[in-house]
Structures are given as structure tokens and as C-alpha cells.
Amino acid sequence: VFADLQLSIKEKNVEVQTISLPIIYADRIQIYQVLQNIISNAIKFSSSKVPKVSIESSEDDEEWVIIIKDNGIGIRRENLRKVFSIFQRLNHFDKYEGNGIGLSICEKIISIHGGRIWVESEYGHGSHFHFSIPKHNKNFA
């Protein structure tokens with residue numbers, strides 16, 4: 001994903017970091033689409049400071065949780081669930097491109113994989129997108 005987004009990463013001088021990523025059982029193309037969408041949003045909605053995107057993971061007995069963190073513009077508390085609604089745009093068309101379907105597709109993909117997706121954010125201080133994938137998913141093993 002980072003290789004495919006290299007032009008955007010260079011244009012905005014994004015600092016990228018990955019920490020302890022697991023091997024998961026999932027549809028490669030669909031999980032790629034989830035990661036590409038969330039990371040490209042992190043780049044698109046970066047603030048004027050040096051943009052940073054990091055990916056890390058955590059686990060429990062049942063699932064992996066992948067966390068994509070950025071230091072971008074953030075999301076207002078009242079809009080945290082709205083970002084996953086289809087055609088829901090929270091920003092002006094003239095400032096940011098997009099049609100408002102990317103995160104709703106991500107939610108559907110993660111649901112198909114038996115996981116969940118959510119975001120934690122503080123407006124003006126970035127966002128942390130989390131998604132879980134079951135460790136023992138027989139449909140994708």
C-alpha cells in the first residue's frame with residue numbers, strides 16, 4: 001500500500017512508520033483496499049504540520065487489531081460514526097476530493113471478515129482508525 005501511495009507520500013512529505021504487524025487470514029485484495037483507503041485518507045486530511053502515519057497492531061486470544069494513526073485534522077466527536085455512512089462527507093467539496101463511500105466500503109469488508117471497525121479522534125489532533133480481524137477465520141485460512 002505504501003508503495004502504491006508513494007507519490008502522495010512524497011508530495012506531502014509524510015513520515016511513515018509500521019510497528020509489529022501480524023500475518024492475518026483475510027482476502028488480500030479486500031484488506032489492501034481497507035488499508036489503502038484509511039492511509040490515503042490520513043494523507044489527504046493531513047494538517048499543515050509534518051504529516052505522520054503509523055500502523056501498529058495489538059491482539060487478544062480471539063483477534064488482531066490493526067491501528068492506523070495519523071496527526072491530521074481529526075474528526076469532531078459528533079461525527080465519529082458518520083464517517084462510516086455511505087456518501088457522508090464531513091468536509092467541503094472544494095477543499096478535499098472524494099465521494100464519501102470509502103470508509104463505508106471498509107466497514108463492509110471488515111464486517112465480511114467477522115471483524116469490526118471504529119475510529120478515535122480529537123478534532124485538530126489526528127485520528128486512530130482501528131479494525132479487528134479474527135485470528136481463526138476458517139473462511140480465509
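In this chain, residues are counted from 1 in sequence order. Note: hydrogens, waters and symmetry copies are ignored here, and every other heavy atom, side chains too, is used.
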Minimum heavy-atom separation for Ser46 to Ile73, with atom names? O-CG2, 4.0 Å
Provide the full list of ring pair (Phe, Tyr, Trp, His ring centres under 6.0 Å) pairs with a residue in residues 63-83, sequence neighbours left out, each pair given once. none
Sequence neighbours excluded, every pair satisfying salt bridge (Lys or Arg N to Asp or Glu O under 4.0 Å) that has a member inside [range]:
range: residues 70-80; result: none
range: residues 47-59; result: Glu56-Lys69, Glu59-Lys135
range: residues 119-130; result: none

With rounding to the nearest 0.5 angstrom, report the [atom1] to [atom2] distance, [X] to [Y].
X: His136; Y: Asp61; atom1: NE2; atom2: CG; result: 8.5 Å
X: Ile38; Y: Phe129; atom1: CD1; atom2: CZ; result: 6.0 Å
X: Ile39; Y: Ser8; atom1: CD1; atom2: OG; result: 11.5 Å
X: Ser127; Y: Asn71; atom1: OG; atom2: CG; result: 10.0 Å

Using modelled atom types and a 3.5 Å cut-off, is there a donor and acceptor pairing between side-chain atoms of Ser57 and backbone atoms of Ile66? no
Check whether any side-chain N or O of Lys12 sits under 3.5 Å from a backbone N or O of Ile43 as a donor-acceptor pair, and report yes or no. yes
Pairing residues for [X] by the side chain to side chain contact (heavy atoms under 4.5 Å, CB included) criterion, not counting sequence neighbours:
X: Lys10; result: Gln6
X: Leu21; result: Thr18, Ile55
X: Glu62; result: Asp60

Which pairs of donor and acceptor atoms, one on a side chain in residues 29-37, lie under 3.5 Å apart (sequence neighbours left out)?
from  : atom 1 : to    : atom 2 : distance (Å)
Tyr32 : OH     : Asp4  : OD2    : 2.0
Asn37 : OD1    : Asn41 : ND2    : 3.3

Residues that Glu15 engages under salt bridge (Lys or Arg N to Asp or Glu O under 4.0 Å), provided they are two or more places apart: none
Partner residues of Ser132 under the side-chain hydrogen bond (donor to acceptor under 3.5 Å, both in side chains) criterion, sequence neighbours left out: Glu63
Pairwise side-chain contact, Ile9 with Phe2, heavy-atom cut-off 4.5 Å (strictly under): yes
Enumerate donor-acceptor pairs with a distance under 3.5 Å from any side-chain N or O in residues 108-115 to protein atoms, sequence neighbours excluded.
from   : atom 1 : to     : atom 2 : distance (Å)
His113 : ND1    : Ile109 : O      : 2.8
His113 : NE2    : Asp27  : N      : 3.0

Members besides Trp118 in its Ile/Leu/Val/Met/Phe/Trp/Tyr cluster (side-chain heavy atoms under 4.5 Å): Val65, Ile67
